[in-house]
Amino acid sequence: MEKIYITTAIPYVNGAPHVGHAMDYLLADVCSRYQKMLGNEVRFQAGTDEHGNKIFQKAKELNIPTKEYVDQNANKFKDFIKKLNVEYTDFVRTTDEAHEKRVQEIWEKLKDHIYLSKYEGWYCSGCERFITEKEYEENHGVCPDHQKPYERLEEENYYLKISDFKADIRDAIVSGKMLILPDFREKEILKLLDESPDVSISRPRAQLTWGVPVPGDDNQVMYVWVDALCNYLTVLGYPEQDIADFWPALAQFVGKDILRFHAIIWPAILLALGLELPKTLVSHGMVLSNGQKMSKSIGNVVDPLEVLEKHGTEAFRYFFLRHIDTFSDSDFTWEKYENAYNNELANDLGNLVQRLATLAYKNNFVYEKAEISLPDEYRDLMKEFKFNLAFDFVWGKVQDVNKQIDDDAPWSLAKNGETKKLNEALNSEISNLLIANKMLEPFLPETSAKIAQIFTNQIDPPKEPLFPKTK
RNA sequence: CGUGGGGUAGAGCAGCCUGGUAGCUCGUUUGGCUCAUAACCCAACGGUCAGUGGUUCAAAUCCACUCCCCACAACCA
């Protein structure tokens with residue numbers, strides 16, 4: 001038995017949960033459940049990123065204390081994760097006292113690689129960030145998002161010396177010690193790595209109040225990087241606790257938009273702390289809506305809670321784990337979702353369970369439990385984190401059972417009194433279904449449990465269909 | 001010349017690395033079955049594989065160029 005650590009990106013809680021957040025959780029959950037199925041012990045982190053000006057200002061607008069505001073939003077995310085039936089074991093909030101204390105201790109440990117420096121450039125107070133010269137020229141000196149002219153600003157920041165670690169990070173990536181999936185993202189990162197400047201990891205207190213103070217410097221507050229990225233460690237109790245059992249993580253799941261921070265800044269922090277790098281960084285794609293990136297201005301944002309409400313958690317998991325590519329961008333439309341529910345969940349699987357259970361019941365067939373082993377092809381796909389392909393493979397097996405029933409035609413055997421052949425046929429069909437069902441477990445845990453329950457010794461057809469048609 | 005991905009049947013995709021009858025799912029049409037949620041199974045229809053040129057006996061697949069779409073570019077997932 002191995003001890004396995006799996007992480008998800010912590011969302012910035014200045015808004016409601018997004019469909020994209022669900023991808024992180026679901027992929028990590030499939031990974032976690034699969035590992036548990038193999039008999040491993042899993043710690044599975046989830047959490048929320050709660051510092052920064054945007055949150056501070058939002059709370060101000062709403063006229064409620066910042067702490068109260070982040071409490072509310074953190075709960076929204078917890079509820080959301082629960083609704084997805086994601087089995088995380090540890091939840092970390094960057095405003096947790098323990099996290100803040102540990103992050104300060106981590107800062108102290110990083111000190112050899114931190115230096116203070118001045119930065120001068122164009123700044124947008126709305127975006128709260130410095131703008132590149134190029135961007136400044138393109139926008140003619142006015143922020144397009146905030147309609148405000150950029151200001152010339154000089155400030156002192158602490159910097160983390162990425163340059164100290166570039167060579168080691170490159171080696172880790174190239175050698176596969178820290179595997180970046182998919183491989184085309186790895187290529188991208190290797191290119192970016194060379195150009196990566198040292199990263200600013202603090203802000204003057206005047207600019208940023210809602211954050212963790214830099215130890216030993218009252219004028220500076222930690223910017224997002226050290227604070228947020230280190231959640232993966234602090235949640236395990238680092239630095240005061242020994243984390244060797246679970247660190248390095250087997251897999252860290254992130255969206256492609258934040259892969260670069262996890263593939264460059266994060267490894268630099270880890271190396272500075274003398275810790276190992278995660279074994280795998282899995283970067284998933286974006287969920288598009290009608291072929292476009294979801295955006296408030298286009299008005300095509302899909303509310304995950306609405307999708308969840310439509311056909312429940314299992315249908316949600318089904319669609320997003322099978323029809324959204326694990327690594328690339330994929331499209332969500334309601335039509336596709338309905339199609340998948342009716343044709344695949346209801347017709348392929350739901351109906352299969354119904355017909356097979358009824359056949360067994362009507363013929364007084366008793367199934368004797370047999371050992372189930374997982375096919376190599378499935379194991380390989382799961383090991384490579386190709387979850388949607390693994391799910392496709394499983395579905396092929398489900399469809400095969402439908403074919404097999406038609407070929408065997410048990411109803412004819414029953415009519416002709418060929419009892420022995422009938423029992424053999426039913427036994428084989430149910431065995432095949434249960435193998436597929438076992439493979440289904442990480443993806444659709446509730447459904448898988450229900451099916452396993454139905455095909456115990458005494459088989460009763462379910463009174464309610466597994467996936468009732470809506471029309 | 002910022003970086004990366006992509007352009008293959010009505011839709012969504014695989015195949016391309018390791019050239020040799022163009023495949024899968026959904027949709028459409030026809031047939032079969034009757035155990036089942038009017039579900040299931042067989043079959044058919046449907047593509048000049050973005051374009052141009054090159055290499056080759058042979059190119060969706062390799063090379064060059066062109067056109068078009070998308071994502072990322074210090075946290076709007």
Side-chain angles (χ1 to χ4, degrees), chain A residues 9-12 14-15 17-24 49 52 54 127-132 134-135 145 182 184-192 195-197 199-201 223-225 228-229 254-261 264-265 283-288 291-297 301 304 322-323 325 327-331 333 335-336 339-340 342-363 388-389 392 395-396 399 401-415 426 429 461-462 464-471:
Chain A
I10 55 174
Y12 195 58
N14 64 342
H18 188 282
V19 171
H21 297 122
M23 288 311 297
D24 256 24
D49 176 14
K54 278 185 191 166
C127 302
E128 286 170 42
R129 65 180 179 92
F130 283 95
I131 310 299
T132 60
K134 200 177 157 194
E135 215 172 336
D145 295 333
F184 61 79
R185 294 281 170 229
E186 178 181 299
K187 263 195 286 183
E188 208 170 270
I189 292 299
L190 285 173
K191 281 253 165 66
L192 275 168
E195 308 155 5
S196 290
V199 63
S200 156
I201 53 171
Y223 188 52
V224 61
W225 306 123
L229 287 168
V254 297
K256 68 171 180 184
D257 52 333
I258 54 169
L259 174 65
R260 57 185 53 201
F261 317 126
I264 296 172
I265 300 175
S283 151
H284 65 256
M286 301 284 193
V287 180
L288 308 176
Q292 284 179 301
K293 184 174 171 174
M294 288 185 206
S295 103
K296 281 175 190 164
S297 50
V301 177
R322 176 147 187 245
H323 292 300
D325 190 288
F327 302 123
S328 312
D329 294 355
S330 305
D331 196 29
T333 66
E335 193 190 349
K336 282 179 188 172
N339 205 358
N342 286 313
N343 291 315
E344 296 168 17
L345 277 176
N347 293 352
D348 285 347
L349 181 61
N351 180 58
L352 169 62
V353 168
Q354 201 74 29
R355 71 193 295 218
L356 197 47
T358 307
L359 278 168
Y361 175 74
K362 287 190 177 170
N363 293 295
N388 67 312
L389 295 182
D392 278 347
W395 214 258
Q399 290 170 320
V401 180
N402 268 322
K403 283 194 186 83
Q404 192 191 349
I405 295 176
D406 273 66
D407 289 344
D408 292 346
W411 50 88
S412 298
L413 297 174
K415 209 180 273 177
L426 288 175
E429 290 153 10
E464 291 294 318
L466 250 40
F467 300 101
K469 288 266 185 100
T470 41
K471 285 175 196 168

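As a basis for the values below, the full set of heavy atoms in this structure was taken, side chains included, without hydrogen atoms, waters or symmetry mates. Here is how names work: the chains are called A, B, and so on, in the same order as the sequence lines, proteins then strands, and each is numbered from 1.
Counting heavy atoms of neighbouring residues, nucleotides and ligands inside a 6.0 Å radius, atom CD of A/Glu335 does not exceed 12 of them. The number of heavy atoms from other shown groups lying within 6.0 Å of CZ (A/Phe184) is above 12.
Applying the salt bridge (Lys or Arg N to Asp or Glu O under 4.0 Å) criterion to A/Lys336, with sequence neighbours excluded, gives A/Asp331.
Between A/Asp408 atom CG and B/U34 atom P the separation is 15 Å, expressed in whole Å. Between the P atom of B/A77 and the CG atom of A/Leu288 lies a distance of 14 Å, rounded to the nearest Å. Between the CH2 atom of A/Trp395 and the C1' atom of B/C26 there is a distance of 14 Å, rounded to whole Å. Protein atom OH of A/Tyr12 is 17 Å distant from nucleotide atom P of B/A74, rounded to whole Å. Note: CG (A/Asp49) to C1' (B/C75) measures 8 Å, nearest angstrom. Rounded to an integer number of Å, the gap from A/Asp24 CG to B/C75 P is 18 Å. A straight line from CE of A/Met286 to P of B/C76 spans 8 Å, rounded to a whole angstrom. The NZ atom of A/Lys54 sits 7 Å away from the C1' atom of B/C75 (whole-angstrom rounding).
Taking atom P on both nucleotides, B/A9 is separated from B/G46 by 14 Å, rounded to a whole Å. Look at the P atom in both B/G23 and B/C35: the space between them is 36 Å, to the nearest Å. Nucleotides B/G5 and B/U48, compared at atom P, are 28 Å apart to the nearest Å. Spacing of P atoms, B/G53 relative to B/A60, comes out at 14 Å, to the nearest Å. Taking the P atoms as reference points, B/A50 lies 29 Å from B/A43, given to the whole Å. Comparing the P positions of B/C65 and B/U29 gives an interatomic distance of 47 Å, to the nearest angstrom. Distance noted for atom P between B/C45 and B/A22: 14 Å (whole Å). For B/C40 and B/G47, the C1' atoms lie 29 Å apart once the distance is rounded to whole Å.
When all heavy atoms of A/Glu344 and A/Trp395 are compared, the closest pair comes out as O-CZ2, 3.1 Å. Of all the heavy atoms in A/Lys296 and A/Val301, the pair that sits closest is N-CG2, 3.9 Å. In this structure, A/Asp348 and A/Asn402 approach most closely via the heavy-atom pair O-ND2, 3.2 Å. Residues A/Leu345 and A/Phe467 come closest through the heavy atom pair O-CD1, 3.4 Å. Scanning both residues, A/Ser283 and A/Gly255, for their nearest heavy atoms gives OG-C, 4.4 Å. Heavy atoms only, all atoms of each residue included: A/Pro465 and A/Gln354 are closest at CA-OE1, 3.9 Å.
Side chain A/Tyr223 to base B/C75: a donor-acceptor pair is found below 3.5 Å.
Across all strands, A/Val199 comes closer than 4.0 Å to base atoms (heavy-atom distances). A/Val287 comes within contact range of at least one nucleobase, with a heavy-atom separation under 4.0 Å.
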TODO: Whenever both distances are under 3.5 Å in a Watson-Crick or G-U wobble pair, mark it; put RNA chain B into dot-bracket that way, with [ ] for crossing pairs and | when the partner is on another strand.
DONE: .(((((((.[[[[.)....(..]]]].((.((.......)).)).....[[[[[..)....]]]]])))))).....
Open item on the list: Can you build the contact string for nucleotides 6-17 of chain B? Use B for base contact, S for sugar-phosphate-only contact, and - for no protein heavy atom under 4.0 Å.
Closed with: ------S-----
Open item on the list: Protein within reach of the bases, or only the backbone? For nucleotides 36-42 of chain B, mark each nucleotide 5' to 3' as B, S or -, using heavy atoms under 4.0 Å.
Closed with: BB-SBSS
- [ ] List the steps and the verdict of side-chain contact (heavy atoms from CB on, under 4.5 Å) for A/His18 and A/Val287.
- [x] CA-CA 10 Å; A/His18 188 282; A/Val287 180; over 6 Å; no
- [ ] Show your working on side-chain contact (heavy atoms from CB on, under 4.5 Å) between A/Lys469 and A/Asn347 and close with a plain yes or no.
- [x] CA-CA 9 Å; A/Lys469 288 266 185 100; A/Asn347 293 352; 3.0 Å; yes
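Of the possible donor and acceptor atoms, one in the side chain of A/His284 sits under 3.5 Å from a partner among the backbone N and O of A/Val254. A/Ser330 places a side-chain N or O within 3.5 Å of a backbone atom of A/Asp325 that can act as its donor or acceptor partner. Remark: side-chain polar atoms of A/Asp24 are paired, donor with acceptor, to backbone N or O of A/Ala9 under 3.5 angstrom.
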Just distance, no hydrogens or angles: give the donor-acceptor pairs under 3.5 Å from side chains in residues 403-411 of chain A, sequence neighbours left out.
from     : atom 1 : to       : atom 2 : distance (Å)
A/Gln404 : OE1    : A/Asn432 : ND2    : 2.9
A/Gln404 : NE2    : A/Ser428 : OG     : 2.8
A/Asp406 : OD1    : A/Arg355 : NH2    : 3.1

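Of the two residues contacting RNA chain B, namely A/Glu344 and A/Ile258, the nearest-nucleotide position lying further toward the 5' end is that of A/Glu344. Projected onto RNA chain B by closest heavy-atom contact, A/Ile405 and A/Asn14 fall at different nucleotides, the more 5' of which corresponds to A/Ile405.
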Short heteroatom pairs, N/O only, protein and nucleotides 3-5 of chain B, under 3.5 Å:
from : atom 1 : to       : atom 2 : distance (Å)
B/G4 : OP1    : A/Lys191 : NZ     : 2.6
B/G4 : O4'    : A/Glu188 : OE1    : 3.3
B/G4 : O2'    : A/Glu188 : OE1    : 3.3
B/G5 : OP1    : A/Lys187 : NZ     : 2.9

